[in-house]
Amino acid sequence: MKLIKAGVIGASGYAGAELVRLLLMHPYAELTAISSKSYTGKPISELYPGFYQLCDMVFSDEDTVIAASDIVFASLPHGLSEPLARKCYDAHVKFIDLGADFRLRDEQDYREWYKLDYHDSELHELAVYGLPELYRAQIKGADIIGNPGCYPTSIALALAPLMKLGLVNEQHIIIDAKSGTTGAGKGLSDNTHFPRCNEAFAPYKVAAHRHTPEIEQTLSELCHSKASITFTPHLLPINRGIISTIYVDLTDEAILEELWSMYRLFYQDEPFVRVLPLGSCADLKYIKYSNFCDVSLHMDARNNRLILVSAIDNMVKGAAGQAIQNMNILFDCKEDSGLMYVPASF
C-alpha cells in the first residue's frame, strides 16, 4: 500500500518525540516533516540523541508540516491546536490533536476547566473523540480527532463494561490514579524538578484536575446517565506510566468470576486491552513502552464493591500510541500496525 505521509507539530515535546519514535518504525507510514517553535532549524537528534543517525530530521515550521502530510499530529498545549485544525481541514489533511482542544463536547466545560473559548464551532462539531475501543465507528470517517487524555484512557477502559451494562452506581465512583513525570510535559515546574519529585510521592490538583470533565463525559455516554466521580491524581517519581485504582459500588450482588468473564467477552476482539487473570494485579512494569492497557478485577465482597486496577504507558496508549492507533483506523491499516511491541519486563 502507499505509505501514509505523517507530520508532527510540536515534535520537541515528550509526546511529540514519542510519535516520531513510533512513526519511524511504522510499516505503512513515512515521517515527512516535524516542527517546533523553540528548535526550528535544529535536528531532532540534537535534542534527543537517541535519534542520532536514525532520524536527523530538522525542525521546520507548521505550514511546511501540513503541506508535506496526509495526516498531521499536533502535540501542543491547550488553546493552540484549533487554528492548525482549520488549516488541515481546508487542505484535506487529517488532523489528530494530542492536546485538549477537541476532547470536550461542551464548550462550557472547556471554558470552566481550561479558561478558554472555542473559536471555530464547525471544527468542534466535526471532531471525534479518539478512544478506539469505544468510538471506532466514528473515528473511521473523521477528519479531526481529539486524542484522549492519559488518565481518561486508563479509567474509561477499566470502567466501560460496567458502565455500559449499568452494573454500578454511576454517582459514586472513586478514582485514585498515579502518573509518571512525563505526564506533566517537558516544561519544568517546581513539582517535577528532580530534587523535589525524587523520593517523593503526593497527590496534586485534588478534586480539581482538568481531566475530570473528560472522564465524566465518557462515562456518562456509556451509561446514558450523568456520571459523577471523585478523582485524585498523584505524581510518581518515575518517567512514564499511569496506574489507576477505581472503586465502584455494585448495584446488585455479583460474583467476581462472572464479572471477569464479562470483561473478557467485552474486550475479546480488542488487541490492546488485556484483562488479566483473576488473582493478578495490573502493574506499570509490564506495560512499559507498549500500547497495552492492562486491567485487573478485585472484589471487596464485604462491601459489595468492585476494585479495578488499570495500567498504561502514558506516553504510548495514553498519547502517541493511541494517536497512531487512530491513524491506522483512519487509513484502513491493521489496527495494531507499528504498535505491537512486547512490553519490557525488567
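The shown structure was predicted, so the numbers you read here are calculated from the model rather than taken from an experiment.
Judged by distance alone, the side chain of Ser154 and the main-chain N or O of Ile242 form no donor-acceptor pair under 3.5 Å. Formation of a donor-acceptor pair under 3.5 Å by the Arg264 side chain with backbone atoms of Val275 is found in this model. Although no hydrogens or angles enter the test, the distance criterion places a donor-acceptor pair under 3.5 Å between the side chain of Ser261 and the main chain of Glu257. Judged by distance alone, with hydrogens and angles left aside, the side-chain atoms of Ser244 form no donor-acceptor pair with the main-chain N or O of Ile155 at under 3.5 Å. In this structure a side-chain-to-backbone donor-acceptor pair under 3.5 Å is present from Ser60 to Ile34. One N or O on the side chain of Asn326 and one on the backbone of Gln322 form a donor-acceptor pair closer than 3.5 Å. Listed for the Glu214 side chain is no donor-acceptor partner under 3.5 Å among the backbone atoms of Arg103. Under the 3.5 Å distance criterion, the side-chain polar atoms of Asp101 are matched with a main-chain donor or acceptor of Gly79. Checking side-chain atoms of Asp97 against main-chain N and O of Gly99 turns up a donor-acceptor pair under 3.5 Å. Not one N or O on the side chain of Asp313 forms a donor-acceptor pair closer than 3.5 Å with the backbone of Gly241.
Note that Arg274 lies in the cation-pi zone of Phe292, set by a 6.0 Å cut-off to the ring centre and a 45° limit from the axis. A cation-pi arrangement is present between Arg105 and Tyr135 under the rule of less than 6.0 angstrom and at most 45 degrees off the ring axis.
Between Glu216 and Phe231, the closest side-chain pair of non-hydrogen atoms is not below 4.5 Å. Contact check for Leu339 versus Ser337: no side-chain heavy atoms found under the 4.5 Å cut-off. Leu157 has its side chain within reach of Lys317: a pair of non-hydrogen atoms, C-beta onward, lies under 4.5 Å apart. Side-chain contact between Phe51 and Met57 is absent, with no heavy-atom pair separated by less than 4.5 Å. The closest side-chain heavy-atom distance from Ile324 to Met327 is below 4.5 Å. Within the 4.5 Å cutoff, the side chain of Met262 has heavy atoms near those of the Leu167 side chain. Taking the side chain as every heavy atom from C-beta outward, Leu126 and Tyr89 approach each other to under 4.5 Å. Within the 4.5 Å cutoff, no side-chain heavy atoms of Val72 are placed close to those of Leu84.
Smallest separation of non-hydrogen atoms from Leu276 and Trp260: O-NE1, 2.8 Å. The two residues Tyr267 and Ala160 come nearest to each other via the heavy atoms OH-CB, 3.5 Å. The shortest heavy-atom contact between Pro161 and Phe266 is CG-CD2, 3.5 Å. Considering all non-hydrogen atoms of both residues, Ser280 and His298 come closest at O-CE1, 3.3 Å. The shortest non-hydrogen separation linking Leu98 to Ala15 is CD2-CB, 4.1 Å. Of all heavy-atom pairs between Ile96 and Ala323, the closest is CD1-O, 3.4 Å.
More than 12 heavy atoms of other residues, nucleotides or ligands sit less than 6.0 Å from atom CD of Gln108. Under a cut-off of 6.0 angstrom, the local environment of CD in Glu199 is sparse, with at most 12 non-hydrogen atoms contributed by other residues, nucleotides or ligands. More than 12 heavy atoms of other residues, nucleotides or ligands shown are found within 6.0 angstrom of OH on Tyr118.
Side-chain polar atoms of Asp176 and Thr232 form no donor-acceptor pair below 3.5 angstrom. When only modelled atom types and interatomic distance are considered, Asp109 and Gln217 share no side-chain donor-acceptor pair under 3.5 Å. Checking Thr182 against Asn314 by side-chain atom types alone, a donor-acceptor pair falls below 3.5 Å.
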Next on the checklist: Applying side chain to side chain contact (heavy atoms under 4.5 Å, CB included) to Leu219 and Ile173, what does each step give before you reach the verdict?
Outcome noted: CA-CA 10 Å; Leu219 299 184; Ile173 299 171; 4.2 Å; yes
Checklist entry - Do Glu170 and Ser225 pass the side-chain hydrogen bond (donor to acceptor under 3.5 Å, both in side chains) test, and can you show the C-alpha distance, the side-chain angles, and the key distance before you say yes or no? => result CA-CA 8 Å; Glu170 72 275 10; Ser225 179; 3.2 Å; yes
Checklist entry - Passes ring-ring contact (aromatic ring centres under 6.0 Å, His included), Phe102 versus His124? Steps please. => result CA-CA 6 Å; Phe102 294 97; His124 294 278; 4.7 Å; yes
Item to check | From CA spacing to verdict: side chain to side chain contact (heavy atoms under 4.5 Å, CB included), Val248, Asn169 | outcome: CA-CA 7 Å; Val248 291; Asn169 179 355; over 6 Å; no
Next on the checklist: Apply side chain to side chain contact (heavy atoms under 4.5 Å, CB included) to residues Thr153 and Ile312 and explain how you reach the verdict.
Outcome noted: CA-CA 8 Å; Thr153 294; Ile312 64 169; 4.3 Å; yes
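Checked against the 6.0 Å centroid threshold, His209 and Tyr151 count as a close aromatic pair.
Going from atom CZ of Phe272 over to atom CD of Gln325 covers 5.0 Å, rounded to the nearest 0.5 Å. For the atom pair CG (Leu222) and NE2 (His224), the distance works out to 7.5 Å, reported to the nearest 0.5 Å. In this structure, NZ on Lys115 lies 12.5 Å from OH on Tyr110, to the nearest 0.5 angstrom. Distance CG/Leu31 to CZ/Arg21: 13.5 Å, rounded to 0.5 Å. For the atom pair Asn328 CG and Lys334 NZ, the distance stands at 10.0 Å (nearest 0.5 Å). With rounding to the nearest 0.5 angstrom, the CD1 atom of Ile229 is 4.0 Å from the CD1 atom of Ile215.
A side-chain hydrogen bond (donor to acceptor under 3.5 Å, both in side chains) with Ser12 is found for one member of Ser38, Ser75, Ser36 and no other, namely Ser36. Partner of Val168 under the side chain to side chain contact (heavy atoms under 4.5 Å, CB included) criterion, chosen from Leu159, Leu306, Leu250: Leu250.
Ile145 and Ile66 fall into different hydrophobic clusters, where Ile, Leu, Val, Met, Phe, Trp and Tyr side chains are chained together by heavy-atom contacts under 4.5 Å. Hydrophobic cluster membership differs between Leu3 and Leu23, with clusters built from Ile, Leu, Val, Met, Phe, Trp and Tyr side chains linked at under 4.5 angstrom. Residue Tyr247 is not grouped with residue Val309 when hydrophobic side chains (ILVMFWY) are merged at heavy-atom distances under 4.5 angstrom, including chains of intermediate members. Cluster membership for Leu47 and Tyr52, using ILVMFWY side-chain heavy atoms within less than 4.5 angstrom, is not shared. Put simply, Ile9 and Met315 are part of two different groups of oily side chains (I, L, V, M, F, W, Y) that touch within less than 4.5 Å, one to the next.
Lys94 and Asp70 are not joined by a salt bridge, as no carboxylate oxygen comes within less than 4.0 angstrom of a charged side-chain nitrogen. Glu270 and Arg136 are joined by a salt bridge, as a carboxylate oxygen and a charged side-chain nitrogen come within less than 4.0 angstrom of each other. Salt bridge Lys87/Glu62: absent, no basic N to carboxylate O contact under 4.0 Å. Under a 4.0 Å N-O distance rule, the pair Asp106/Arg111 does not qualify as a salt bridge.
Taking the six-membered ring for Trp and thresholds of 30 and 60 degrees, His26 and Tyr28 have ring planes more than 60 degrees apart, a perpendicular arrangement.
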